[in-house]
Amino acid sequence: MDDYSAWVGRSETREDVAAAAPLAGLAALLDHDISPWAPGTVPPLAHWLYFLPTARQSAIGDDGHPRRDGAGLLPPVPLPRRMWAGSRIEFLAPIAVGAALTRVTTIDAIKPKRGASGDLLFVTLRHDIAADGVAAIREEQDIVFREPATTAPAPTPAAAIEPEPADAVRSLSPDPVLLFRYSALTFNAHRIHYDRDYAQRVEGYAGLVVHGPLIATLLMDHFLRTAPDANPRRFSFRAEAPLIDGAPFDLCLARDGDATRLWARDAAGRTTMRADVA
């Protein structure tokens with residue numbers, strides 16, 4: 001692969017307002033009758049509802065993402081498949097609804113790797129978000145770019161012999177409507193989340209892929225349902241396998257002192273995402 005080290009350190013600044021309407025949409029998506037969060041405050045992980053992509057329609061590539069032609073922040077990576085692999089987030093100060101938001105995004109690292117599926121390129125972005133001039137959120141986001149899908153079916157991991165014990169489990173069924181609503185809420189046009197033919201034929205998935213940040217948001221919601229007065233200071237998640245629509249999956253929680261482990265497991269018992277909140 002090309003050397004992209006010159007792109008490390010590049011940054012961009014964007015502005016937004018912490019509007020209330022996306023929060024009402026999120027509460028509905030999470031199946032709450034009324035907003036369950038502290039009045040007038042943006043809940044944990046809802047910062048993903050702001051600073052939405054605004055690339056012109058003519059600049060969108062075949063996968064639904066803006067084309068990587070070197071004109072934007074990301075380098076012109078030729079690897080076609082992209083996924084949000086994980087994040088590490090610090091909640092530094094509350095964000096009031098209506099606050100003026102500023103986000104500075106910096107490329108922290110670009111690392112090529114060779115995996116079982118071929119060449120990989122990991123890009124780590126650092127997002128520093130301020131609300132009314134006060135530092136509110138610091139996030140490190142890992143994006144991985146991968147080679148085209150092969151025609152051979154991907155090997156299926158063995159199902160867990162016995163489910164990992166959990167203190168609280170909640171089951172959900174990810175259907176196309178749920179995925180579409182989250183795509184609409186975040187203006188995410190990645191076709192693997194709503195175009196089944198594309199997801200299967202081009203990117204080699206078994207069906208529609210549940211968004212990584214949606215799973216992370218559902219895990220955070222699962223945590224807050226069990227501890228409604230909690231005030232998380234840190235949250236991290238790591239995707240381990242794609243979660244596909246069409247079958248129920250479990251949101252799992254286990255407490256360990258002041259920290260809480262969270263994970264999502266599919267209908268076969270495989271863990272698809274792990275998260276930690278403290």
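Since we're looking at a predicted model, the values are computed, not measured.
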Cluster question for you: counting only ILVMFWY and a side-chain heavy-atom cut-off of under 4.5 Å, with indirect links fine, are M83 and I89 together? no

Interatomic distance, D108 atom CG to D142 atom CG [nearest 0.5 angstrom]: 10.0 Å

H193 side-chain N/O to V209 backbone N/O, donor-acceptor pair under 3.5 Å: yes

Same cluster or not: F145 versus Y198, using hydrophobic residues (I, L, V, M, F, W, Y) connected whenever any side-chain heavy atoms lie under 4.5 Å apart? no

Group every Ile, Leu, Val, Met, Phe, Trp and Tyr by side-chain heavy-atom contacts under 4.5 Å, then state whether L214 and L253 land in the same group. yes

Closest contact, heavy atoms only, G133 versus A130: C-CB, 4.2 Å

At what distance, to the nearest 0.5 angstrom, does NE2 of H47 lie from CD1 of I129? 5.0 Å

I want to check something: taking the side chain as every heavy atom from C-beta on, are P76 and R67 in contact at a cut-off of under 4.5 Å? no

Is there a side-chain contact between V123 and L74 in this structure, where contact means two heavy atoms from C-beta onward sitting under 4.5 Å apart? yes

Heavy-atom pair of closest approach, residues W263 and E164: CZ2-O, 3.6 Å

Measure the acute angle between the ring planes of H190 and H65, then classify it against the limits of 30° and 60° as parallel, tilted or perpendicular. tilted

Could you tell me the separation between the CG atom of L172 and the CG atom of L243, rounded to the nearest 0.5 Å? 10.0 Å

Joint hydrophobic cluster, I192 plus W84, side-chain heavy atoms closer than 4.5 Å: no

Distance from S173 atom OG to L178 atom CG, nearest 0.5 Å? 10.0 Å

4.5 Å side-chain heavy-atom contact, V210 and L179: yes

Could you check whether atom CG of D258 has more than 12 heavy atoms from other residues, nucleotides or ligands sitting under 6.0 Å from it? no

Show the nearest heavy-atom pair for residues A216 and L45, with the distance to one decimal. O-CD1, 3.6 Å

Please examine the side chains of M220 and F235, heavy atoms only from C-beta on, and report whether any two atoms are closer than 4.5 Å. yes

Could you tell me whether the side chain of R201 reaches within less than 4.5 Å of the side chain of R196, counting heavy atoms only? no

So R88 and R234, side chain to side chain contact (heavy atoms under 4.5 Å, CB included) or not? Walk me through it. CA-CA 8 Å; R88 296 159 298 283; R234 293 183 300 276; over 6 Å; no

Taking R265 for its side chain and R270 for its backbone only, find out whether a donor-acceptor pair lies under 3.5 Å. no

Would you check, one step at a time, whether the test side chain to side chain contact (heavy atoms under 4.5 Å, CB included) holds for T226 with L224? CA-CA 5 Å; T226 65; L224 292 175; over 6 Å; no

Start with the C-alpha distance between L251 and L262, add both sets of side-chain angles, then the distance that settles side chain to side chain contact (heavy atoms under 4.5 Å, CB included), and finish with yes or no. CA-CA 7 Å; L251 303 168; L262 302 159; over 6 Å; no

Nearest atoms (heavy-atom pairs only) where A254 meets D167: CA-OD2, 3.4 Å

Salt bridge or not between D62 and R191? Use side-chain N to carboxylate O under 4.0 Å. no

Can you tell me how far CG of L52 sits from CG of N188, rounded to the nearest 0.5 angstrom? 9.5 Å

Could you point out which residue of Q141, E140, E139 forms a side-chain hydrogen bond (donor to acceptor under 3.5 Å, both in side chains) with H127? Q141

Is it true that E90 and R233 make a salt bridge, defined as a side-chain N closer than 4.0 Å to a carboxylate O? no

For the residue pair E203 and R81, what are the closest heavy atoms and their distance? O-NH1, 2.9 Å

Ring-plane angle category for W48 and F237, please: parallel below 30°, perpendicular beyond 60°, tilted otherwise. perpendicular

Any chain of hydrophobic side-chain contacts (each under 4.5 Å) joining Y182 to I244? no

Quick one: does I110's side chain get under 4.5 Å of P75's, heavy atoms only? yes

Heavy-atom side-chain proximity of Y50 to T186 below 4.5 angstrom: no

How many angstroms lie between NE2 in H222 and CG in D250, if you round to the nearest 0.5 Å? 9.0 Å

In sequence, state the C-alpha distance, the side-chain angles, and the governing distance for R14 and E12, and then conclude on salt bridge (Lys or Arg N to Asp or Glu O under 4.0 Å). CA-CA 7 Å; R14 297 190 61 193; E12 68 174 17; 5.2 Å; no

Any side-chain donor near an acceptor of the partner, R238 and S87, under 3.5 Å: no

Note, L92 side chain near I137 side chain (heavy atom, < 4.5 Å): no

For the side chain of D276 and the backbone of S236, is there at least one donor-acceptor N/O pair under 3.5 Å apart? no

For L208, is there any backbone N or O sitting under 3.5 Å from a side-chain donor or acceptor partner on D245? yes

What are the two closest heavy atoms between T41 and P94, and how far apart are they? CG2-CB, 4.4 Å

Check the pair D119 / R114 against side chain to side chain contact (heavy atoms under 4.5 Å, CB included), numbers first and verdict last. CA-CA 5 Å; D119 286 333; R114 182 74 180 176; 2.9 Å; yes

Taking only Lys NZ, Arg NE, NH1 and NH2, and the carboxylate oxygens of Asp or Glu, determine whether R126 and D128 approach each other closer than 4.0 Å. yes

